[in-house]
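First the structure, in the form of structure tokens, and then the observations on it.
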Amino acid sequence: MARPSRRRPTPPAPPRRAWTRAKPAALRAPLLAWYREHHRKLPWRAEPGKLANPYHEWLSEAMLQQTQVATVIAYFERFTAAFPTLADLARAEEQSVLRLWQGLGYYRRARNLHAAARAVEANHAGRLPDTFEGLLALPGIGRYSAGAIASIAFGRRTPVVDGNVARVLARWFAIEEPVDAPAVRERLWRLAEHLVPARHPGDFNQAVMELGALVCTPKSPKCLVCPVAAACRANKMGIAERLPVRVPRRKPTAAEHHVLAIDRRGERLFVQRPDRGLWSGMWEMPTVEAVAAGVDAVEALRALAAARGIMIDKPARVGEFDHQTTHRSIHFVVWRARCTGGRLRGGAWRRPGKIDDLPLPNPQRRALEMLEE
DNA sequence: AACACGGGGAC
DNA sequence: GTCCCAGTGTT
């Protein structure tokens with residue numbers, strides 16, 4: 001059976017050119033006035049009219065990718081306590097950076113951040129580049145983050161388009177095409193470029209995002225208190241509630257992972273995940289992610305241990321639970337076995353209570369809790 | 001252009 | 001449950 005298309009079945013909408021007649025002045029002044037009055041105080045944010053600390057701004061942008069402000073705050077505080085400056089971060093081991101990122105997800109962000117810090121130390125005399133192009137060249141900094149850092153920390157007139165900005169612009173200009181379609185995305189960038197002012201571009205960009213977070217929310221937008229409702233086409237048309245349109249997500253695929261706690265003289269085996277893919281660079285108890293057809297899970301676990309050079313007795317089933325990521329629904333089955341001999345290739349033995357140096361993904365932590373009971 | 005990459009807040 | 005979050009890099 002063919003996978004249903006994710007595209008909207010409706011025919012192309014007629015050309016809509018309202019957005020090309022954007023009048024920046026009608027939006028900027030009331031929006032900035034609203035921002036000065038209603039912005040949230042955030043650990044990385046400067047007062048309106050002032051530039052942010054570039055390192056703090058950069059770190060916050062990395063943490064905020066696909067992650068809500070409320071989730072990030074505690075991570076940001078712990079991270080800056082451990083690494084107060086860019087130089088501190090550059091000197092750190094990647095493992096300790098991942099430790100501080102543990103639980104936040106999208107772990108490649110942490111590894112890119114660390115690699116970029118080292119690149120800045122090596123190639124830019126320890127100073128974060130202060131231009132869009134210079135920032136864009138660093139790992140983990142894309143079009144959005146480069147624009148955000150350049151405007152918010154360095155006062156450059158660079159636009160940003162994130163999820164908030166896309167939603168706000170879709171409503172202001174009544175854009176009825178899916179905002180995640182690349183062609184529409186490109187229009188949004190041109191629109192943002194048109195709107196961002198030369199004076200206080202960082203405040204303007206933050207104001208649009210803040211409006212999206214506090215007023216122009218995905219559901220039940222608060223148009224009655226919106227400072228720019230008078231200039232909003234979707235509000236005039238009464239369609240703010242159903243904008244923006246997005247392409248439907250694909251459903252997560254199902255998987256079953258078997259986690260094996262291998263114990264030997266009070267210590268447990270942990271191994272590091274590969275450089276790429278899911279939970280890359282994080283540690284885990286040896287895990288079978290796909291049991292081949294016709295093979296018993298117990299046999300697969302024995303083979304897993306054998307691949308590491310060790311022998312185990314018969315694994316005993318400890319428990320199970322479900323774990324969700326954006327693209328996978330994973331049923332975890334937790335097992336326990338004793339190491340009966342052999343010589344370990346790769347991995348580390350740790351007392352279960354002393355694993356603080358190993359960054360673990362959330363489901364591995366959950367499996368560990370299950371093993372303690 | 002499509003896809004993978006985590007986890008959780010808000011409803 | 002669903003939606004989506006201050007996106008980026010790879011294929």
Side-chain angles (χ1 to χ4, degrees), chain A residues 3 5-7 39-40 42 44-45 52 56-76 98 101-113 115-116 135-149 151-153 159-168 178-186 189 192 202 205-214 216-220 244-253 255 273-282 322-330 359-366:
Chain A
R3 183 167 63 79
S5 167
R6 294 170 62 234
R7 289 234 163 271
H39 70 276
R40 293 168 292 183
L42 301 174
W44 50 85
R45 174 173 279 169
H56 288 177
E57 169 58 20
W58 173 34
L59 174 61
S60 76
E61 295 301 349
M63 288 186 164
L64 285 162
Q65 287 167 21
Q66 297 294 288
T67 310
Q68 294 181 183
V69 166
T71 304
V72 164
I73 291 175
Y75 280 88
F76 179 89
L98 278 173
W101 212 272
Q102 174 176 272
L104 197 55
Y106 285 160
Y107 299 100
R108 187 173 57 189
R109 293 181 293 177
R111 309 174 75 205
N112 281 335
L113 181 78
L135 290 160
L136 192 62
L138 291 170
I141 298 186
R143 194 175 182 181
Y144 163 78
S145 297
I149 299 166
S151 62
I152 295 168
V160 298
V161 176
D162 71 334
N164 287 307
V165 176
R167 181 173 59 256
V168 169
V179 291
D180 38 10
V184 177
R185 211 71 182 177
E186 200 51 45
W189 275 98
N205 286 337
Q206 292 185 86
V208 181
M209 294 190 277
E210 197 78 339
L211 188 78
L214 301 182
C216 198
T217 46
K219 286 170 189 166
S220 311
V245 174
R246 286 176 189 275
V247 174
R249 268 170 198 282
R250 202 155 49 142
K251 275 173 52 178
T253 57
R273 291 184 62 87
D275 224 35
R276 320 171 47 130
L278 190 66
W279 299 310
S280 60
M282 304 287 280
D322 290 307
H323 180 81
Q324 286 286 333
T325 78
T326 304
H327 294 280
R328 309 174 199 233
S329 284
I330 307 174
L360 301 175
N362 279 4
Q364 290 285 329
R365 305 196 71 75
R366 188 155 172 199

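In what follows, chains carry the letters A, B, and so on, assigned in the order in which the sequence lines appear, proteins first and then strands, with residues in each chain numbered from 1.
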| With a 4.0 Å cut-off on heavy atoms, is A:L42 in touch with a base, just the backbone sugar-phosphate, or nothing at all? | base
| said: Once you apply a heavy-atom cut-off of 4.0 Å, does A:V160 come out as touching a base, just sugar-phosphate, or nothing? | reply: nothing
| message | On the nucleotide C:dG9, are OP1 or OP2 found under 4.0 Å from the side-chain N or O atoms that A:Y106 carries? | response | no
| query | Is any side-chain N or O of A:Q65 closer than 4.0 Å to OP1 or OP2 of C:dA6? | reply | no
| field | Short side-chain N/O contact from A:R109 to OP1 or OP2 of C:dG9, under 4.0 Å | value | no
| field | Heavy-atom side-chain contact between A:R109 and A:Q65 under 4.5 Å | value | yes
| Under 3.5 Å, is there an N or O donor on one side and an acceptor on the other linking the side chain of A:T67 and the base of B:dG8? | no
| field | Atom-to-atom span, CZ of A:R111 to P of B:dC5 - whole angstrom | value | 13 Å
| request: Could you state the atom-to-atom distance from NE2 of A:H323 to C1' of B:dG7 in whole Å? | output: 7 Å
| task | Round to a whole Å and report the spacing from CD of A:Q324 to C1' of B:dG8. | result | 12 Å
| OP1 or OP2 of B:dG6 less than 4.0 angstrom from a side-chain nitrogen or oxygen of A:N362, does that happen here? | no
| said: Mind checking if A:G103 touches a base, just sugar-phosphate, or nothing, with heavy atoms under 4.0 Å? | reply: sugar-phosphate
| request: Starting from P on B:dA4, measure out to CG on A:D275 and report it in whole angstrom. | output: 20 Å
| note | Result for 5'-nearest mapping on DNA chain B, choosing between A:K219 and A:Y107, is A:Y107
| If you measure from the C1' atom in B:dC5 to the same atom in C:dC4, how many Å do you get, rounded? | 15 Å
| request: State, yes or no, whether a side-chain contact exists between A:S329 and A:Q324 at a heavy-atom distance under 4.5 Å. | output: yes
| query | Within a strict 4.5 Å, meaning less than it, do heavy atoms of the A:R366 and A:H323 side chains meet? | reply | no
| message | Less than 4.0 angstrom between a side-chain N/O of A:R246 and OP1 or OP2 of C:dC5, yes or no? | response | yes
| message | Looking at C:dG7 and A:Y144: do their rings stack (centroid distance under 5.5 Å, interplanar angle under 30°)? | response | no
| Heavy atoms, side chains only, cut-off 4.5 Å: are A:R45 and A:S60 in contact? | no
| request: Could you tell me whether the phosphate oxygens of B:dC5, OP1 or OP2, come under 4.0 Å of any side-chain nitrogen or oxygen in A:H327? | output: no
| said: Tell me if a side-chain donor or acceptor on A:R143 pairs with a main-chain N or O of A:W189 at a distance below 3.5 Å. | reply: no
| To the nearest Å, how far apart are A:Y75 OH and C:dA6 C1'? | 18 Å
| task | Take atom P in B:dG6 and the same atom in C:dT11, then report the distance between them in whole Å. | result | 15 Å
| message | When you compare the side chain of A:W101 with that of A:P359, does any pair of heavy atoms fall below 4.5 Å? | response | no
| note | A:L64 CG to C:dC4 C1', in whole Å, measures 14 Å
| message | Using side-chain heavy atoms (C-beta onward) and a distance below 4.5 Å, is A:L278 in contact with A:R273? | response | yes
| query | Hey, does the side chain of A:S145 come within less than 4.0 Å of C:dT8's phosphate (OP1/OP2), counting only N and O? | reply | yes
| Pick the nucleotide of DNA chain B nearest each of A:A183 and A:W279; which residue has the one closer to the 5' end? | A:A183
| What nucleic acid atoms does A:P252 come within less than 4.0 Å of, heavy atoms only: base, sugar-phosphate, or nothing? | nothing
| task | Could you state the atom-to-atom distance from NZ of A:K251 to P of B:dC3 in whole Å? | result | 16 Å
| message | Here's a test of your reading of the structure: between A:R276 and A:R108, which maps to the more 5' nucleotide of DNA chain C? | response | A:R108
| task | Using a heavy-atom cut-off of under 4.0 Å over every strand shown, decide if A:T71 touches base, sugar-phosphate, or nothing. | result | sugar-phosphate
| note | Regarding the side chain of A:P361, the nearest nucleotide among C:dA6, B:dG7, B:dC5 is B:dG7
| said: Over all strands shown, is A:I141 touching base, sugar-phosphate only, or nothing at heavy-atom distances under 4.0 angstrom? | reply: sugar-phosphate
| Below 3.5 Å, does any donor atom in the side chain of A:T325 face an acceptor in the base of B:dG7, or the other way round? | no
| note | Separation of B:dA4 atom C1' from A:N112 atom CG, nearest Å, is 14 Å
| B:dA2 phosphate, OP1 or OP2, under 4.0 Å from A:R250 side-chain N/O | no
| Whole-Å C1' distance, B:dG9 and C:dT8 | 22 Å
| query | Which is true for A:W101 with a 4.0 Å heavy-atom rule: it touches a base, it touches only sugar-phosphate, or it touches nothing? | reply | nothing
